[in-house]
Amino acid sequence: MAGLIDALEIKRKSYFEFEGAPFVCLDVEVSKPTARGGQTLVRLKMRNLLTRAVFDKTFKASEKFKEPDLDMIEATFLYADPSGYHFMDQTTFETLTLSRETLGDDRLLLADNLPVQIQRFNGSPIGVQLPPHVELVVATTEPGVRGDTASGGVTKPAVLETGLEIRVPLFIKEGEKVRVHTETREFAGRA
């Protein structure tokens, strides 16, 4: 049986259930009262793991939430086709398929054989937990022009093999492998 979590115990990146859906906490702000008799309030920035919607909500510190029936499966990305994105469960070696809608923009960070964790809620796959960085090949980018740095803009746009567009330093060329931070979708160095 899942336990109960107080609103005050919820920290950044923790999971909880609210109104029958699983959520992950993106940010927490606790406001303590200054006057006697005031209530401590917890403001949560949270993401619904089913709809991917993000919103802020304020709760009383004493409110309780259920722990969601979430489990993580170690998997590897295999390939994508019109029916969806296919992953191999690393323990049972079964193929799991997630739809384009379920993955959202995370699909632009999937490279062949990328190890991920698939989140399941009540037994159904609902999303993917990506590693902190992924390595992708630069498909197209403009060549860096000497002297472009005078304006202070030392980056240029680049489209990666998955279709993701990021800003990269001028010295990066087409065909190079770069590391991308999965949370911010920013350049994190050469691979």
Side-chain angles (χ1 to χ4, degrees), residues 12-27 45-56 67-143 155-169 172-191:
R12 191 172 179 273
K13 293 189 176 182
S14 61
Y15 297 95
F16 60 97
E17 195 171 318
F18 176 65
E19 295 177 345
F23 284 85
V24 62
C25 175
L26 302 175
D27 201 16
K45 182 175 188 176
M46 51 201 222
R47 169 178 281 138
N48 184 321
L49 293 175
L50 300 176
T51 64
R52 312 305 278 171
V54 176
F55 54 92
D56 291 337
E67 286 184 22
D69 180 17
L70 268 182
D71 52 322
M72 300 290 212
I73 301 166
E74 297 291 329
T76 305
F77 176 65
L78 297 173
Y79 63 95
D81 63 17
S83 66
Y85 291 77
H86 304 279
F87 299 85
M88 182 191 294
D89 185 326
Q90 292 300 301
T91 49
T92 65
F93 301 107
E94 291 177 25
T95 301
L96 300 163
T97 304
L98 274 73
S99 70
R100 183 182 178 107
E101 295 77 32
T102 301
L103 288 173
D105 286 343
D106 286 348
R107 73 185 189 287
L108 297 174
L109 294 166
L110 294 173
D112 291 345
N113 299 317
L114 179 71
V116 298
Q117 291 185 320
I118 295 181
Q119 298 168 325
R120 285 195 317 191
F121 178 63
N122 294 334
S124 303
I126 60 166
V128 168
Q129 188 77 38
L130 296 164
H133 296 95
V134 294
E135 295 179 359
L136 298 169
V137 176
V138 176
T140 58
T141 187
E142 296 291 320
T155 62
K156 61 183 180 178
V159 178
L160 305 181
E161 61 183 312
T162 59
L164 179 67
E165 188 172 327
I166 65 168
R167 306 241 4 127
V168 296
I172 298 293
K173 298 176 184 67
E174 287 183 13
E176 278 192 74
K177 237 183 191 182
V178 295
R179 293 179 59 169
V180 179
H181 194 283
T182 55
E183 214 171 291
T184 61
R185 309 268 197 283
E186 292 175 351
F187 175 80
R190 280 185 166 144

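Note: hydrogens, waters and symmetry copies are ignored here, and every other heavy atom, side chains too, is used.
- Partners of Asp27 by side chain to side chain contact (heavy atoms under 4.5 Å, CB included), not counting sequence neighbours, listed by chain and number: Lys45.
- Applying the side-chain contact (heavy atoms from CB on, under 4.5 Å) test between Val178 and each of Thr141, Ile172, Val134 identifies Ile172 as the sole match.
- Aromatic ring pairs are classed by plane angle as parallel below 30°, tilted from 30° to 60° and perpendicular above 60°; the pair Phe23 and Phe55 is perpendicular.
- Partners of Thr91 according to the side-chain hydrogen bond (donor to acceptor under 3.5 Å, both in side chains) rule, which considers only residues two or more places apart in sequence or in another chain, are Asp89.
- Within the structure, the salt bridge (Lys or Arg N to Asp or Glu O under 4.0 Å) test picks out the following pairs touching residues 108-126 (sequence neighbours left out): Asp71-Arg120.
- Residue pairs meeting the ring-ring contact (aromatic ring centres under 6.0 Å, His included) criterion with at least one member in residues 98-138, sequence neighbours excluded, are His133-His181.
- Take Phe93 and apply the ring-ring contact (aromatic ring centres under 6.0 Å, His included) test, not counting sequence neighbours, and it matches no residue.
- Glu176 is linked by a salt bridge (Lys or Arg N to Asp or Glu O under 4.0 Å) to Arg190, counting only residues two or more places apart in sequence or in another chain.
- Screening Val137, Ile166, Thr140, Val168 for a side-chain contact (heavy atoms from CB on, under 4.5 Å) with Leu160, the sole residue that qualifies is Ile166.
- Take Leu130 and apply the side chain to side chain contact (heavy atoms under 4.5 Å, CB included) test, not counting sequence neighbours, and it matches Asp106, Leu109, Leu110, Leu114, Val116, Val128, Thr182.
- Partners of Asp81 under the side-chain hydrogen bond (donor to acceptor under 3.5 Å, both in side chains) rule, at least two apart in sequence or in another chain, are Ser83, His86.
- No donor-acceptor pair under 3.5 Å is formed between the side chain of Arg179 and the backbone N or O of Glu135.
- Glu101 meets the side chain to side chain contact (heavy atoms under 4.5 Å, CB included) test with Ser99; sequence neighbours excluded.
- Across every non-hydrogen atom of Ala158 and Val138, the tightest pair is CB-CG1, 4.1 Å.
- Shown here is Glu142, whose CD atom has no more than 12 heavy atoms of other residues, nucleotides or ligands within 6.0 Å.
- With sequence neighbours excluded, the residues forming a side-chain hydrogen bond (donor to acceptor under 3.5 Å, both in side chains) with Gln119 are Tyr15, Gln129, listed by chain and number.
- Looking only at side-chain heavy atoms (C-beta outward), Asp105 and Arg185 come within less than 4.5 Å of each other.
- The side-chain hydrogen bond (donor to acceptor under 3.5 Å, both in side chains) search around Glu161 returns none, not counting sequence neighbours.
- Of the possible polar contacts, none joining the Glu165 side chain to the Val159 backbone as a donor-acceptor pair under 3.5 Å is found.
- Pro22 has its side chain within reach of Ile126: a pair of non-hydrogen atoms, C-beta onward, lies under 4.5 Å apart.
- Residues meeting the side chain to side chain contact (heavy atoms under 4.5 Å, CB included) test with Ala53, sequence neighbours left out: Thr51.
- Across all their heavy atoms, Arg47 and Leu26 have their closest contact at CB-CD1, 4.1 Å.
- Closest approach of Gly163 to Leu108, counting heavy atoms only: C-CD2, 4.3 Å.
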